[in-house]
Every structure is written in C-alpha cells, then in structure tokens.
Amino acid sequence: MPEGHTVHRLAAALRAGFGEQRVRTSSPQGRFSEAADLDGWVLADAEAVGKHLFLAFVPDASVDAGAPVTRYVRVHLGLYGSWTFAGEPGFATVHAIGAPRVRIGEREEGLDDGDVDWRRIVPRPTTRLRIAGPQGLADLTGPTACEVLDAAGRQAVIDRLGPDPLRADADRRRFVDRVLASRTAIGVLLMNQDVIAGIGNIYRAEVLFRARLDPTVPGRDLTRGMVEGIWEDLVPLMEYGARTGRIVTTQPEHRDIEARIVERSRGTRQNGDEDPDVVPREKSFYVYHRQTLPCRVCATEIRSADMAARTVFWCPRCQTVRSRRATWTREHPAAPWALAPERSERP
DNA sequence: GGGACATGAAGAA
DNA sequence: TCTTCCTGTCCCG
C-alpha cells in the first residue's frame, strides 16, 4: 500500500484535477452514502497528513467567504485502496495511485484510445467514491476509511498523529523526543503513526538499513544525533517518492551487486548503460523484499522476521548498530548522512 | 475456484 | 497478540 509519499502525491493530483471546482460525487458501490450530500459542492482543497487524505468541500463556488460550511472527506487507503483517474488529455499525470499492483491500468489504456469519452467510463462495482469534475474523474476503491468529518473531527485525527516528514510544519523534535524516551524497538516505533506519520513497511526497512541500525534496538539506546539522522534521511527520500511516485533508497553504486561481483572477479570496470533517471524496481531497495538475497553492500544474506505485525527485512552484518557506543569500521562505515549529511547522495 | 499475499490499522481480548 | 476489514493478483490444483 501507499506510504505517506503516495498520499501527498495523490493530494497534489486531486488539487490539480478538481481544485476549486464544482464536482459531482457518488458512491457506485453504495457504501459511502454521504457522497450524495456533497454532490455539487466545490472541492476546495486536498491535503495529506501522514497516510490520511483530507478533501475539503464547501457548498458552492458562489458562496461568499464569511463562514462557509466546510466538510472534510477523510480517506485512508489502508493496504488495498487505490484511486484511478481518467479525463481530458493532461487531466491527471497519474493513471492510478494506491495499491501495490496495477488496477484500472489495462482497461484505462483501452479507454484512452481517444475514441471513448471519459464521461462514459462505467465505474467498477467496488467503487466507493467517484468524483467527477469538468475535466475528468477519479474513482476510489478499497479504502480502509472513507468518511465525512467536520473541522473538529479532522483536527482530532491530525492531533493523534506524529509529525509527518513531508510537511513543512512538522515538528522533528516531537519525533526525536518520543523515540529517545521509549524502550520500544526502533523498528516498531517507526511503524507507529503516533510517533511519526507516513512511514510504512518499505521506508522502515530501508531507512534502518541506511542508518545501519539493528531494527530491535530500543529507541532510548540511540543518540539524539542518530534519531535526528533518521528523520533527516527520510525527508529527501520521501520527497523523491512524492515527486516520482516511486520509492528509491539505493545509492547508484549499490544498484547492481551481481554485476559488481562479476566485475570484481574479473578486475574490470563496466560502463552502466541504464537510464539513470529510471531506477528499476528490483534495484530500488537495499533490503525490502530481498530476504535470502545478498546484501548490496556486504553480500551477506538479507533476513526477514515479523515485527509490529509486519515483516521487517535487514542485513545482519551491516545493521549491527545497537547503541551510542557504536563503532564504525572501514568495511562497514557509518551511514552516509552520519558522515556528511550535506553530501549524502540522493537518488 | 481456493488460498496466500500485499507499501495498513482498529478493536477485542 | 489476535481478528477483522478493505481489493486484486498470482499461483496452484
């Protein structure tokens, strides 16, 4: 499922597609009956906080400011939720956002031939919410939450979330203090949305690898600098994700371990001929879903185990940092950000 | 057609 | 810690 970066990307797509426009709303599946109450309202804004999406609706464009009624639709995609878009050329830069595997994709390509009017696209029966504007439409399926809230309700949700690294108003210190005060494992804390909002299973595994941290280290055993380092590493990683829609955490020199092993044995160098702008998914992660494969840095077999009800992946050799007394060796240096944050290479 | 699995989280026990 | 919910895909028989 989408981690926080996806939801921010989605909010931007919805703002661009429907922002400040009058929209039709419906629930083809029938399980979001409140859609009818908002039909014909103006979608004033779309905002992401962690993995939560808030769509602000006001009654009508012609309503003067004053104290307009605002209703918020809160959407949480959960593990399976996704949005699909269709519309005029250039309406949405994305066809589908959400669940890991493709959705309307196939069908939509057929409909995108140009012969089929997007207005005639029949929603899937599972479509919880359809939003249709002058330029296009967006269909939501499979969310774990889709509900209407007032301003207080929206605020209550936000208040129980930890800081979101993708938000300019995020309070890094809240995250750092919370981690340093906890005896819970860092691998569990990172999945707790009250501690830090927007992190999911991929970013958890990957950022811990990059920090060389053992996922089981209690938060309070870490130094303030280490925890700040986790945050500072997450910000650009997630910004990249929000911008491109893809999670890439590997540094270029670690992307092709198989080739590097061959290269080393032959004592030759090879020129990379891949498009540097597109990192293939199978080269995008250090540890996520790479259990039993060799570590990209040290070739040790990547392991996996259950942690916080999800599978965590880690390198038992690289991720040995367990406390403030951690030592670095030449072969296993500190994470890039720990050495020189400002020069750490980003994807 | 059935079961496992997937970037998630709430609520019960 | 366990169960449940949301959807779609893939692999198997």
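- Considering A/Arg210, A/Met238, A/Glu228 as possible partners of A/Asp233, the one that fulfils the side chain to side chain contact (heavy atoms under 4.5 Å, CB included) test is A/Arg210.
- Between C/dC5 and B/dA13, the two P atoms lie 14 Å apart (nearest whole Å).
- Contact between the side-chain N/O atoms of A/Arg124 and the OP1/OP2 oxygens of C/dT7 is not found at any separation under 4.0 Å.
- Residues A/Arg296 and A/Arg290 meet the side-chain proximity criterion, which asks for heavy atoms closer than 4.5 Å.
- For C/dG13 and B/dC5, the P atoms lie 15 Å apart once the distance is rounded to whole Å.
- Considering only side-chain N and O atoms, A/His76 lies under 4.0 angstrom from the phosphate OP1 or OP2 of B/dA9.
- In this structure, A/Arg204 reaches neither bases nor backbone, as no heavy-atom distance under 4.0 Å exists between it and the strands shown.
- For A/Arg310 and B/dG8, the shortest distance from a side-chain N or O to OP1 or OP2 is below 4.0 Å.
- Applying the side-chain hydrogen bond (donor to acceptor under 3.5 Å, both in side chains) test between A/His52 and each of A/Arg74, A/Arg154, A/Gln193, A/Glu47 identifies A/Arg74 as the sole match.
- No donor-acceptor contact under 3.5 angstrom links the side chains of A/Gln291 and A/Ser304, judged on distance only.
- Whole-Å rounding puts the A/Leu161 CG to B/dG8 C1' distance at 13 Å.
- The side chain of A/Gln29 places an N or O atom within less than 4.0 Å of a non-bridging phosphate oxygen (OP1 or OP2) of C/dT7.
- Here A/His52 lies out of heavy-atom contact (under 4.0 Å) with every strand.
- One finds a side-chain N or O of A/Arg160 lying less than 4.0 angstrom from the OP1 or OP2 phosphate oxygen of B/dA10.
- Heavy atoms of A/Thr126 sit under 4.0 angstrom from primed sugar atoms or phosphate atoms, though from no base atom.
- Side-chain nitrogen and oxygen atoms of A/Gln193 include at least one within less than 4.0 Å of the OP1 or OP2 phosphate oxygen of B/dA9.
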